[in-house]
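Working notes, beginning with the structure itself.
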Amino acid sequence: MLDLRPVGYVIGLLVVILGGTMVFPLLLDLYDGKGEWPVFLESALFCFLVGGVLALTCANGVGRGLSIRQTFLLTTLVWVVLPIFGALPLMLGATELSFTDAFFEAMSGLTTTGSTVISGLDDLPRGLLLWRGILQWLGGIGIIVVAMVFLPELRVGGMQIFKSEAFDTMGKILPRAQEIAKQISVIYLVLTLVCALVYTVLGMGLFDAVVHAMTTMSTGGFSNYDASFGTFSGPAEYAAAIFMVVAALPFVRYVQMVNGKTLPLFQDSQVRAFMATILVLVGITAGVLVTIFPHHPEQAVREALFNIISIMSGTGYASVDYMAWGPFLIMIFFFIGLIGGCAGSTACSVKIFRYQLLFASIRVQVQRIRSPNGVFVPRYEGRPVTPDVLSSVISFFMFFVITLGIVAWALALTGLDFITAISGAATAVANIGPGLGDIIGPAGNFAPLNDTAKWILAIAMLIGRLELMAVYAILTVRFWRS
């Protein structure tokens with residue numbers, strides 16, 4: 001029988017930690033005198049109580065480590081349980097959201113999706129705005145650790161090819177996964193502070209700089225304003241574009257750089273492919289925009305650069321309503337959201353490396369057709385790709401498309417129009433943020449959707465953030481019998 005105590009112990013500790021982070025918005029609200037601090041105090045105490053009791057109850061079951069089944073279950077349950085507790089301040093505070101809306105907002109935050117159901121962000125107490133930023137920041141560092149430690153071990157979606165990269169090649173420097181996770185956390189924090197400093201220098205207020213730095217480095221996209229990043233048009237857009245790219249690159253490369261190895265970042269094929277894809281897409285988009293706005297070439301380049309990187313990295317900021325740019329660019333924005341950033345980053349969606357592996361497999365198949373007697377092996381970064389990796393990647397693509405179709409179909413059954421249903425499914429499964437259309441597009445939000453649609457989207461965010469397989473595995477009968 002599956003022992004749930006180790007899983008409960010870790011989840012209990014994480015709930016306590018989540019409660020501890022509520023101290024920051026509590027202190028901010030005390031300073032502002034907005035009267036929201038009791039909300040955070042009550043929520044924090046509840047997290048301490050429930051999380052502490054759960055951890056203490058399950059402490060006697062902590063052994064030498066987690067089994068594969070326990071790891072699958074833990075990876076999924078963390079992203080189910082934490083949004084429930086993260087939703088408490090949103091339910092009790094000035095937003096007074098229903099449980100459905102609060103859970104949707106918290107799930108969107110922790111999965112770094114960035115979709116929101118809150119209107120009137122400009123007038124919210126700063127404590128609640130900070131809490132939204134903290135949720136995304138925690139979700140960003142959480143998914144990096146999951147991608148570097150858990151998913152390669154679980155062989156999810158081809159992630160196993162990064163297992164040796166993260167631990168074996170760095171074995172002499174950082175022999176333990178805990179050390180890598182610790183260094184990644186420090187790097188993540190430092191980059192966030194640098195981003196906040198740059199934002200401040202470029203004219204943002206300190207509070208806006210801190211919150212937007214957290215949601216930039218987590219590629220989350222929550223903003224303090226209904227106009228999103230359009231409030232800071234100008235130099236800040238260039239800075240945000242740079243930091244979104246930094247957040248979408250593999251953090252293990254930064255660990256290597258800190259430990260004296262600078263070349264791996266520039267030699268990484270997925271980094272080169274990611275940067276090349278951005279340059280091509282920005283060039284195409286800027287070219288089209290220059291023809292539309294011939295008297296504002298700098299603005300066209302800036303808006304193309306910012307919004308392309310924002311959607312492709314899954315951050316989901318919007319500096320302009322790109323729905324007005326015409327059908328050609330709208331379709332580009334739809335498809336680039338399905339590309340994503342690099343593995344081991346805070347970015348979301350399919351990820352660049354899977355497309356590389358898929359194209360390598362296709363190229364080998366074409367070569368075999370041309371030369372039936374030849375021996376051709378797909379390679380990634382010069383190394384042969386094993387059949388189990390290719391099978392895992394192809395399975396991921398199939399499940400991704402099937403999930404996208406099922407979610408879109410389910411949303412359509414709730415009464416949503418085609419554009420809203422298909423783009424809503426894509427933005428949830430790929431954890432992008434805004435969708436397309438008048439309702440959930442860059443100029444709107446998800447508040448008008450009915451509760452059923454919001455629950456469907458919340459579940460889709462969870463499935464997409466954990467790379468599909470980690471969630472689907474625990475839904476099988478064999479998982480619970482074996």
Side-chain angles (χ1 to χ4, degrees), residues 101 104-105 107-109 111-122 132 136 215 219-233 237 240 244 281 284-285 288-289 292-293 299-300 302-340 348-349 404 407-408 410-412 414-450 453-454 456-458 460-461 464:
D101 284 348
F104 179 97
E105 193 81 6
M107 178 66 80
S108 178
T111 58
T112 70
T113 303
S115 304
T116 184
V117 295
I118 301 176
S119 300
L121 292 170
D122 308 51
R132 295 169 77 243
Q136 290 209 319
T215 60
T219 61
F222 273 164
S223 176
N224 295 338
Y225 303 94
D226 289 334
S228 189
F229 221 86
T231 309
F232 312 104
S233 60
E237 290 179 271
M244 284 188 286
L281 291 171
I284 294 173
T285 305
V288 174
L289 289 181
I292 299 175
F293 310 109
Q299 180 181 348
R302 171 165 44 85
E303 291 181 349
L305 178 71
F306 177 87
N307 289 284
I308 286 291
I309 293 176
S310 176
I311 298 301
M312 185 169 167
S313 66
T315 308
Y317 287 139
S319 64
V320 67
D321 184 6
Y322 45 76
M323 290 298 298
W325 287 356
F328 175 71
L329 291 183
I330 290 174
M331 290 307 298
I332 285 182
F333 275 92
F334 176 80
F335 285 109
I336 63 173
L338 304 180
I339 298 176
C348 54
S349 197
L404 190 63
V407 173
L411 290 174
T414 68
L416 299 182
D417 62 89
F418 175 77
I419 295 297
T420 303
I422 190 68
S423 68
T427 194
V429 176
N431 305 115
I432 302 167
L436 300 177
D438 297 330
I439 302 175
I440 62 173
N445 64 27
F446 289 72
L449 274 56
N450 57 65
K454 290 171 184 174
I456 293 171
L457 290 170
M461 291 178 204

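Nothing here was measured: the structure is a model prediction, and the numbers come from that model. Heavy-atom basis, side chains included; hydrogens, waters and symmetry copies ignored.
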Tell me, do Val320 and Phe229 make a side-chain contact under 4.5 Å, heavy atoms counted?
no

Identify the heavy atoms of Arg302 and Ser233 that sit nearest to each other, and give their distance.
NH1-CB, 4.0 Å

Side-chain donor or acceptor of Asn307 paired with backbone N/O of Ser319 under 3.5 Å
yes

Using a 4.5 Å cut-off on heavy atoms from C-beta on, say whether the side chain of Ile309 contacts that of Phe306.
no

Hey, are the side chains of Asp122 and Asp226 touching, using non-hydrogen atoms and a 4.5 Å cut-off?
yes

Interatomic spacing from CE in Met312 to CD1 in Ile339 - rounded to 0.5 Å
4.5 Å

Would you find a donor on one side and an acceptor on the other, under 3.5 Å apart, between the side chain of Lys454 and the backbone of Glu105?
no

Could you tell me whether a side-chain N or O of Asn431 sits under 3.5 Å from a main-chain N or O of Cys348, the two making a donor and an acceptor?
no

Partner of Tyr322 by side-chain contact (heavy atoms from CB on, under 4.5 Å), out of Leu436, Thr285, Leu329:
Leu436

Taking the side chain from Thr116 and the backbone from Ile118, do they hold a donor-acceptor pair closer than 3.5 Å?
yes

Can any side-chain N or O of Thr427 pair as donor or acceptor with the backbone N or O of Gly433 at less than 3.5 Å?
yes

Please determine whether side chain to side chain contact (heavy atoms under 4.5 Å, CB included) holds for the pair Ile330 and Trp325, giving the CA-CA distance in whole Å, both sets of side-chain angles, and the decisive distance to 0.1 Å.
CA-CA 7 Å; Ile330 290 174; Trp325 287 356; 5.6 Å; no

Would you sort out whether Ile432 and Thr113 count as a side chain to side chain contact (heavy atoms under 4.5 Å, CB included), showing the intermediate values?
CA-CA 5 Å; Ile432 302 167; Thr113 303; 6.0 Å; no

Pro442 versus Met323, closest heavy-atom pair with distance
CD-CG, 3.7 Å

Work out which heavy atom in Ala408 is nearest to a heavy atom in Ala421; give both atom names and the distance.
O-CB, 3.7 Å

Report the C-alpha distance between Thr215 and Tyr317 in whole Å, list the side-chain angles of each, state the deciding distance to 0.1 Å, and finish with yes or no for side-chain hydrogen bond (donor to acceptor under 3.5 Å, both in side chains).
CA-CA 9 Å; Thr215 60; Tyr317 287 139; 2.5 Å; yes

For the CZ atom of Phe293 and the CD atom of Gln299, what is their distance to the nearest 0.5 Å?
7.5 Å

Does a donor on one side chain sit under 3.5 Å from an acceptor on the other, for Asn445 and Ser119?
yes

Quick one: does Thr231's side chain have a donor or acceptor within less than 3.5 Å of a partner on Ala227's backbone?
no

Is the backbone of Ala430 close enough, under 3.5 Å, to the side chain of Ser349 for a donor and an acceptor to pair up by distance?
no

Considering only heavy atoms from C-beta outward, does the side chain of Ser115 approach that of Phe222 to under 4.5 Å?
no

Taking C-beta and beyond as the side chain, do Phe104 and Met461 meet within less than 4.5 Å on heavy atoms?
yes

Mind listing the closest non-hydrogen atom pair of Ser423 and Phe334 along with its distance?
CA-CE1, 4.1 Å

Has Arg132 got a side-chain atom pairing as donor or acceptor with Asn224's backbone, closer than 3.5 angstrom?
no

Look at the side chain of Thr420 and the backbone N and O of Asp417, then say whether any donor-acceptor pair between them is shorter than 3.5 Å.
no

More than 12 heavy atoms of other residues, nucleotides or ligands under 6.0 Å from CG of Asn450: yes or no?
yes

Less than 4.5 Å apart, side chain to side chain, heavy atoms only: is that true for Leu449 and Leu416?
yes

To the nearest 0.5 Å, what is the distance between CG on Leu289 and CG on Leu305?
11.5 Å

Heavy-atom check, side chain of Ile311 versus side chain of Phe335, under 4.5 Å
no

Is Ile308 close to Ile332 at the side-chain level, that is, under 4.5 Å between some pair of heavy atoms?
yes

